[in-house]
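This report refers to the structure that appears directly beneath it.
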Number of protein chains: 2
Amino acid sequence: MFKIPEFAWEFHGHRCPFMPIGYRMGKIAMEKLGVEKVKDHGAFALSEMGVGHPQTCMMDGIQAVTGCTYGKLMMERLNYGKVAMILYAPGKGAIRVSALPEFQDELGKKEFFAYRKKGIEPSQIPPSVVEEAVKVVLETPEEKMLKVENLEGFTFSRPKSSFNKAKCSSCGEYVFERYLKVLDGKQTCIPCAEKVMGSGI
Amino acid sequence: MFKIPEFAWEFHGHRCPFMPIGYRMGKIAMEKLGVEKVKDHGAFALSEMGVGHPQTCMMDGIQAVTGCTYGKLMMERLNYGKVAMILYAPGKGAIRVSALPEFQDELGKKEFFAYRKKGIEPSQIPPSVVEEAVKVVLETPEEKMLKVENLEGFTFSRPKSSFNKAKCSSCGEYVFERYLKVLDGKQTCIPCAEKVMGSGI
């Protein structure tokens with residue numbers, strides 16, 4: 001049975017089947033690329049999930065196992081609405097891992113999902129019902145659960161980082177230069193500029 | 001001295017001063033709002049940080065302490081380029097916490113930042129240099145470090161969640177309905193549609 005370390009559950013906040021799916025996806029992608037958990041900024045984990053749909057907990061499992069955290073700017077959503085992820089390590093390649101439709105159909109039959117569709121939060125679902133769904137994720141063999149693809153030539157990057165910052169002439173708070181606006185010839189932060197000019201600056 | 005639990009360091013992947021800043025920010029915001037760590041989806045943590053600048057590690061501390069994780073869709077960036085966050089618990093209110101400019105100036109004098117400006121990753125900086133900066137964050141009294149504001153009438157929401165999904169007529173993968181596109185009359189996923197129509201669909 002696949003093991004999820006305790007820190008990942010503690011970080012996530014509740015038990016559910018999707019955090020472990022993400023953990024398994026990330027682990028497999030790391031093995032295929034030959035990379036360890038990223039301490040700093042060595043790889044990007046790109047989730048194909050979006051908003052306004054369930055099962056996004058997957059992304060916390062991916063953060064936990066790969067070390068590609070949102071805080072380090074190493075995770076981002078691609079907003080395709082798919083239960084899938086891409087692990088991209090510059091210079092080493094990119095691996096896509098997705099949950100097979102057949103596996104999603106099987107998992108979806110579990111009672112856990114009936115509770116979720118009624119709007120009941122994971123922490124409020126009876127533990128036996130939760131564990132039944134978690135067990136499926138931890139015990140299903142990889143080939144019956146996930147599709148793994150090598151993405152030739154895949155690339156993703158962030159803008160070049162700059163330490164430059166200046167104080168907003170209005171509120172006095174520091175703003176990283178990239179986000180400074182100019183209002184009546186003075187440098188301001190976005191919220192102060194929007195108070196005068198309206199939103200969407 | 002303020003304590004950061006081990007799971008938060010393990011999640012984050014390296015020791016640095018910004019993860020603990022976020023942890024302290026989140027903790028104070030929770031106390032002011034009277035909320036516990038969110039197990040499921042009870043609050044949003046909105047970071048005022050953006051991309052293309054340093055110190056974003058703050059967001060991992062916020063995720064860890066508040067339980068408002070990116071995976072649960074309870075964290076998002078506002079992209080203002082500021083060392084600040086908003087904790088919003090619907091029905092309970094919103095608290096903004098920002099790092100005081102004077103504190104940022106003081107912290108910025110530490111040797112840790114000289115290494116970072118040379119492009120040296122946190123895990124590669126001598127531990128004594130890292131711990132000197134971490135200690136400042138853990139030992140500075142709240143009033144010399146953070147500004148705390150109550151945001152009257154603040155609101156933030158996500159689109160209504162739907163479990164509806166369908167298979168892409170081209171690749172056969174499941175897509176949550178919100179992200180389905182129509183190409184030649186057939187429902188497809190975004191990547192399959194973009195292969196035919198180009199990006200930006």
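First the proteins, then the strands, lettered A, B, ... as listed; each starts at 1.
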TODO: Among A/Lys160, A/Glu10, A/Arg178, A/Glu6, single out the residue with the greatest number of heavy-atom pairs under 4.5 Å to chain B.
DONE: A/Glu10
Task: Pairs of heavy atoms under 4.5 Å with chain A: top-ranked of B/Asp105, B/Leu73, B/Val175 - done: B/Leu73
Open item on the list: Tell me which of these, B/Thr69, B/Ile190, B/Val38, has more heavy-atom pairs under 4.5 Å with chain A than the rest.
Closed with: B/Thr69
TODO: Look at the rings of A/Phe44 and A/Phe156 and say which category their plane angle falls in: under 30° parallel, 30 to 60° tilted, over 60° perpendicular.
DONE: perpendicular
Open item on the list: Taking B/Glu121 first and then A/Lys72, would you say they form a salt bridge - that is, a charged N and a carboxylate O separated by under 4.0 Å?
Closed with: no
Open item on the list: Out of B/Gly67, B/Ser162, B/Cys189, return the one with the most heavy atom pairs under 4.5 angstrom to chain A.
Closed with: B/Ser162
Task: Contact listing (chain B partner; residues 45-66 of chain A; heavy atom under 4.5 Å) - done: A/Gly50, A/Val51, A/Gly52, A/His53, A/Pro54, A/Gln55, A/Thr56, A/Cys57, A/Met59, A/Asp60, A/Gln63, A/Ala64
Task: Among the listed options A/Gly71, A/Gly172, A/Gly119, the residue most often paired with chain B at heavy-atom distances under 4.5 Å - done: A/Gly71
Open item on the list: Tell me which of these, B/Tyr80, B/Phe11, B/Tyr174, has more heavy-atom pairs under 4.5 Å with chain A than the rest.
Closed with: B/Phe11
TODO: Flag the one option from B/Gly13, B/Gly81, B/Pro122 with the top tally of heavy-atom pairs under 4.5 Å to chain A.
DONE: B/Gly81
TODO: Kindly assign one of parallel, tilted or perpendicular to the pair A/Tyr23 and A/Phe2, based on the angle between their ring planes and the thresholds 30° and 60°.
DONE: perpendicular
TODO: For chain A, find which of B/Pro191, B/Ala8, B/Cys16 contributes the most heavy-atom pairs closer than 4.5 angstrom.
DONE: B/Pro191
Open item on the list: Please classify the contact between A/Lys181 and chain B as side chain, backbone, both or neither, with a heavy-atom cut-off of under 4.5 Å.
Closed with: neither
Task: A/Gly200 backbone acceptor or donor facing A/Glu194 side chain under 3.5 Å - done: yes
Task: Point-to-point distance, once rounded to the nearest 0.5 Å, from OH of A/Tyr88 to SG of A/Cys68 - done: 12.5 Å
Open item on the list: I'd like to know which of A/Ser123, A/Ser98, A/Cys168 tops the heavy-atom pair count under 4.5 Å against chain B.
Closed with: A/Ser123
Task: Portion of B/Glu36 that has a non-hydrogen atom of chain A nearer than 4.5 angstrom - done: neither
Open item on the list: Between B/Lys147 and chain A, with a heavy-atom cut-off of 4.5 Å, which part of the residue counts as in contact: side chain, backbone, both or neither?
Closed with: side chain
Open item on the list: Between B/Asp40 and B/Met74, does the side chain to side chain contact (heavy atoms under 4.5 Å, CB included) criterion hold? Intermediate values first, please.
Closed with: CA-CA 9 Å; B/Asp40 304 301; B/Met74 305 319 285; over 6 Å; no
Counting only pairs under 3.5 Å, give me each side-chain donor-acceptor contact of residues 107-118 of chain A, with atom names and distances, residues two or more places apart or in other chains.
from	atom 1	to	atom 2	distance (Å)
A/Lys109	NZ	A/Glu106	OE2	2.6
A/Arg116	NH1	A/Ile120	O	2.8

Open item on the list: Counting only non-hydrogen atoms closer than 4.5 Å, does B/Asn79 touch chain A with its backbone (N, CA, C, O), its side chain (CB onward), both, or neither?
Closed with: both
Task: Note: A/Lys27-A/Glu142 ion pair, threshold 4.0 Å (strictly below) - done: no
